Amino acid sequence: MTESTEQRTESSHPNRWRWFGLASVALAQLMIVVDMTIINVALPSINADLAITAADRQWVITAYTLPFAGLLLLGGRVSDYTGRRRALLIGLVGFAAASVAGGAATSLTMLLAARVAQGAFGALLAPASLSLVATTFTDPKERGAAFGVFGGVVAAGSPIGLILGGILTTSLSWHWVLYVNAPIALVAALGVVVFLHESRAEVRTGYDFLGAVLATAGLVAIVWGFTKATQDGWTATATIVPLAAGVVLLALFLLAEARVGNPLLPLPILRHRGRGGAYLVVVLMMAGPFGAYLFISFFLQDIKHYSALRTGLAFLPLTLGVMLAVGLGSRLMTTVAPRFIMGTGLLLGALGMVLLTRLDADSAYASGVLPSFILIGIGMGLVLPAALDLSTFGVRPSEAGVASAMFNVSQQAGASLDTALLNTVAANGAATYLAANASSVQSQVHGYNLATGWAAGILLVAALAALLLIDTRLGKTAPMAPSAEADATIAP
């Protein structure tokens, strides 16, 4: 079946059912994004219940992020070859089962095993979700609206995770921050089965096993190095060795991809200015708002003594700002160059970060935090629909999965870099301030302010990258390139 046949088959599918399918895919993506922050609020309860030491606490997060980051590219290619809907269903079932096992954990070992499984299935689920949106919605106007919905989920998922984590931990127990994934996955899976077509690369050239090993090892090493930087500092051997190894492994991966006939990551995906610029912007963008979520959560709980539930609800205006802005961003995508939409959003986010640097121990939420949350929410809501569309724009349908995986790799790399870099900045800033002043509380706030100042600078760099690198116009040309392979779409 040819590429044109694939497009006719999809367009003949009743429009209303495709939108129900989008809702199911968005729900699956929401589950992944929420899971990245929902457990943060529950960590104190988990530590107390399972008697986890301070040294082992970080493994609850790292056990998820390492397999998730390392397996994303492989997961994207697997979804292209085995079928994106099938891959999404496998990911949903596996993620739900791992979540139930984690919720029932009675020891740290059980919990970590479940988190590893969550990360592995999430690495299959995430690129399958985005690539299904890219291959299902090919009309430029519909595509903009679809990526608006998907972008809203990506941007709002982290603060929603904080809110939901606070509610579940306070009203039920920490176990439910994991159990909650099961019903979400079930509803999403039913929707995917009923409302979406299968889509896959019908002609397969085999898996690039060398590329898979190099990419997985390199990404795991990079994320591990960032994790050790948070704990041991940037100059520690435990930090330098994995970071250096990760850089070497990823360089070897790129060299190998240029020479094999069936690359795990076709290099033209990266060389396209629109896509490559979007991936870079996402890396930098995640190092900004992600820091705000972390440090404002610390500020509200440690300095203002908010409960977990109240802290989660404090992020609601940010979530609402995102949801309002993604609608505007998705409507503008076909008439305004994406670099201007993304640049504007990033500048608004940077302004929100700058305002956060003015906090002190006596700052009130309404005057000190709320204006920044509104600006950051609106800014990120403007950026993500265009970034998502660009990440798969112009690729062959047979490569939609791996292009989608690159978007997720960019997200994970940015979040990991943020945690390592900004935590170091905050800790060093607090220690320097404390050495010259008597107030330990104000020294904490000073560290947070210094870190958010760095985050503002990173967002300014991201805005410049968007304005200077991205030259693609969405809605003017076909969103997906003609395929040299026979990509098939099969009705459910």
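Computed from a predicted structure; not experimentally measured. Note that these values count all heavy atoms, side chains included, but never hydrogens, waters or copies made by symmetry.
Every residue two or more places apart in sequence or in another chain that forms a side-chain contact (heavy atoms from CB on, under 4.5 Å) with Leu467 is listed here: Phe340. The side-chain contact (heavy atoms from CB on, under 4.5 Å) search around Leu124 returns Val78, Ala87, Ile90, not counting sequence neighbours.
Between the CG atom in Leu92 and the OG atom in Ser129 there is a gap of 7.0 Å [rounded to 0.5 Å]. In this structure, CZ on Phe121 lies 13.5 Å from CG on Asn181, to the nearest 0.5 angstrom. Distance check, rounded to the nearest 0.5 Å: CE of Met353 to CG of Leu375 gives 11.0 Å. With values rounded to the nearest 0.5 angstrom, Ile303 atom CD1 is found 10.5 Å from Leu359 atom CG. The OG1 atom of Thr344 sits 9.5 Å away from the CG atom of Leu332 when rounded to the nearest 0.5 Å. From Gln118, atom CD reaches atom CG of Leu125 across 11.0 Å, with rounding to the nearest 0.5 Å.
When all heavy atoms are compared, the tightest approach of Ala128 to Ser79 is CB-CB, 4.1 Å. Minimum interatomic distance between Ala98 and Ala117 (heavy atoms only, all atoms of both residues): CB-CB, 3.7 Å. Taking each heavy atom of Gly102 and Leu111 in turn, the nearest pair found is O-CD1, 3.8 Å.
Formation of a donor-acceptor pair under 3.5 Å by the Arg84 side chain with backbone atoms of Leu132 is not found in this model. Arg339 places no side-chain N or O within 3.5 Å of a backbone atom of Leu469 that could act as its donor or acceptor partner. In this structure, the side chain of Tyr365 engages the main chain of Ala314 through a donor-acceptor pair within 3.5 Å. Not a single donor-acceptor pair under 3.5 Å links the side chain of Arg115 to the backbone N or O of Tyr64. Of the possible donor and acceptor atoms, none in the side chain of Thr136 sits under 3.5 Å from a partner among the backbone N and O of Val133. Looking only at distances, a side-chain donor or acceptor of Tyr279 sits under 3.5 Å from a matching main-chain atom of Ala403.
For residues 322-333, no residue pair satisfies the side-chain hydrogen bond (donor to acceptor under 3.5 Å, both in side chains) rule, not counting sequence neighbours.
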